[in-house]
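Here is the structure we will look at.
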There are 2 protein chains.
Amino acid sequence: MRDHAVVKGMQRAELARRTGSNLETVRYYEKVGLLPEPPRTAAGYRAYDSTHERRLRFVLRARELGFSLDEIRGLLRLADERDRPCADARDVAAVHLADIRAKITDLKRMERVLKDVVAQCGDGTLPECPLIETLFGKAA
Amino acid sequence: MRDHAVVKGMQRAELARRTGSNLETVRYYEKVGLLPEPPRTAAGYRAYDSTHERRLRFVLRARELGFSLDEIRGLLRLADERDRPCADARDVAAVHLADIRAKITDLKRMERVLKDVVAQCGDGTLPECPLIETLFGKAA
DNA sequence: CTTGACCCTGTAGTTGCTACAGACCCCACA
DNA sequence: TGTGGGGTCTGTAGCAACTACAGGGTCAAG
């Protein structure tokens with residue numbers, strides 16, 4: 001297993017495989033400035049090392065938590081350039097947490113309505129479909 | 001108030017205003033085939049009537065419930081072309097409901113993690129920020 | 001020395017809008 | 001009758017965050 005090897009000079013596909021990401025996504029992150037452009041071999045191939053992998057993993061974990069690429073850029077800057085970024089980073093997370101809670105609230109509203117109409121539809125033999133009538137505004 | 005008037009030959013801005021939608025959105029829905037192209041005046045202006053409004057309201061309500069435009073196209077087709085579309089419509093809604101529940105599950109996971117790290121950050125004076133350390137993978 | 005698997009670049013597609021630019025048109029007021 | 005300020009029209013470009021090519025170069029194994 002190369003996962004145990006010294007990680008130096010890997011190529012894009014290997015980095016993507018090691019981190020479970022799509023290799024096109026890695027390029028995209030470089031293009032939009034989330035990841036540094038790695039050095040190139042004589043033939044122009046990207047040669048990553050473990051610092052690139054570490055940074056990519058940061059981005060991927062942040063994406064899993066729903067941070068936008070812009071927020072991640074900010075978090076990376078905080079992680080890089082400051083001694084004590086905790087208050088700022090916490091604020092970014094707190095704002096994002098509020099976003100997520102708002103989304104959950106929205107989705108729960110949708111879930112409630114949909115659950116109800118699906119239940120009203122029953123076995124689907126009604127002549128007037130409750131879902132369609134709801135959407136046309138016959139009932140709230 | 002024109003809301004009480006006979007609704008015939010309204011223009012785009014009025015339709016948008018009456019339904020609380022953006023007028024560019026209405027045009028977009030026409031372009032992608034969700035709404036029929038309305039007849040035009042001699043000058044080429046769109047002239048809507050209440051059937052257009054009814055259909056637009058259907059689309060807007062479905063969007064509020066999180067249906068994709070593709071799903072809405074399907075629901076409109078069911079509403080138009082069939083005698084007893086309830087079983088099919090219910091299935092569309094049930095699939096969508098499952099999507100929404102999956103999204104809620106994801107968001108709740110994010111919420112839990114974020115709530116924890118924000119709490120760990122406390123007043124933001126820690127030298128090692130728990131959020132940043134978490135993202136770098138120091139802790140799970 | 002060829003074959004196939006990798007890599008490179010740039011660009012176009014996705015979803016659901018939103019926002020122009022530049023050109024009409026229409027009505028009221030003077 | 002002219003003009004001003006609003007409407008409307010079209011097409012196109014932009015947003016997020018990827019994803020998927022096309023058309024080429026490179027490299028190592030057989």
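Note that this is a predicted model, so its numbers are computed, not measured. Numbers restart at 1 for each chain; the letters A, B, ... are given by sequence-line order, proteins then strands. Atoms considered below: every heavy atom in the structure, side chains included; atoms not considered: hydrogens, waters and symmetry mates.
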Please tell me if [X] has a side-chain N or O lying less than 4.0 Å from either OP1 or OP2 of [N].
X: A/R40; N: C/dC7; result: no
X: A/Y29; N: D/dC18; result: yes
X: A/R73; N: D/dA17; result: no
X: B/R46; N: D/dC9; result: yes
X: B/T25; N: C/dG16; result: no

What is the distance, to the nearest angstrom, from the [atom1] atom on [X] to the [atom2] atom on [N]?
X: B/R17; N: D/dT8; atom1: CZ; atom2: C1'; result: 16 Å
X: B/E64; N: C/dC17; atom1: CD; atom2: P; result: 11 Å
X: A/L23; N: C/dC6; atom1: CG; atom2: P; result: 11 Å
X: B/R27; N: D/dC9; atom1: CZ; atom2: P; result: 9 Å
X: B/Y45; N: C/dC25; atom1: OH; atom2: P; result: 8 Å
X: A/K31; N: D/dA17; atom1: NZ; atom2: P; result: 14 Å
X: A/I72; N: D/dA17; atom1: CD1; atom2: C1'; result: 10 Å
X: B/L15; N: D/dC9; atom1: CG; atom2: C1'; result: 16 Å

- Task: With the side chain of B/L69 defined as its heavy atoms from C-beta on, choose the nearest nucleotide among C/dC17, C/dA19, C/dC26.
- Result: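 Given the options C/dC17, C/dA19, C/dC26, the side chain of B/L69 is closest to C/dC17.
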- Message: Please pick, from C/dT11, C/dC25, C/dC20, the nucleotide with the shortest atom-to-atom distance to any side-chain atom of B/E24.
- Response: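 Side chain of B/E24 sits closest to C/dC20.
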- Nearest 0.5 Å please: distance from the CZ atom of A/R18 over to the CG atom of A/L56.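 A/R18 CZ to A/L56 CG: 11.0 Å, rounded to 0.5 Å.
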- Query: What is the distance from atom NZ of A/K108 to atom CZ of B/R101, rounded to the nearest 0.5 Å?
  - Reply: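 Result: 12.0 Å between the selected atoms.
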- Task: Take A/R55 and A/D80, measure what salt bridge (Lys or Arg N to Asp or Glu O under 4.0 Å) needs, and give me the verdict at the end.
- Result: CA-CA 11 Å; A/R55 208 170 176 87; A/D80 283 345; 2.8 Å; yes
- Atom of A/L15, atom of A/M10 and distance for their closest heavy-atom approach: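 That would be CD1-CE, 3.5 Å.
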- Task: Could you walk me through whether A/H52 and A/D49 pass side chain to side chain donor-acceptor pair (under 3.5 Å), step by step?
- Result: CA-CA 6 Å; A/H52 295 100; A/D49 62 28; 3.2 Å; yes
- Note on the structure: 5'-most contact on DNA chain C (nearest-nucleotide basis), B/N22 vs A/G44, goes to A/G44
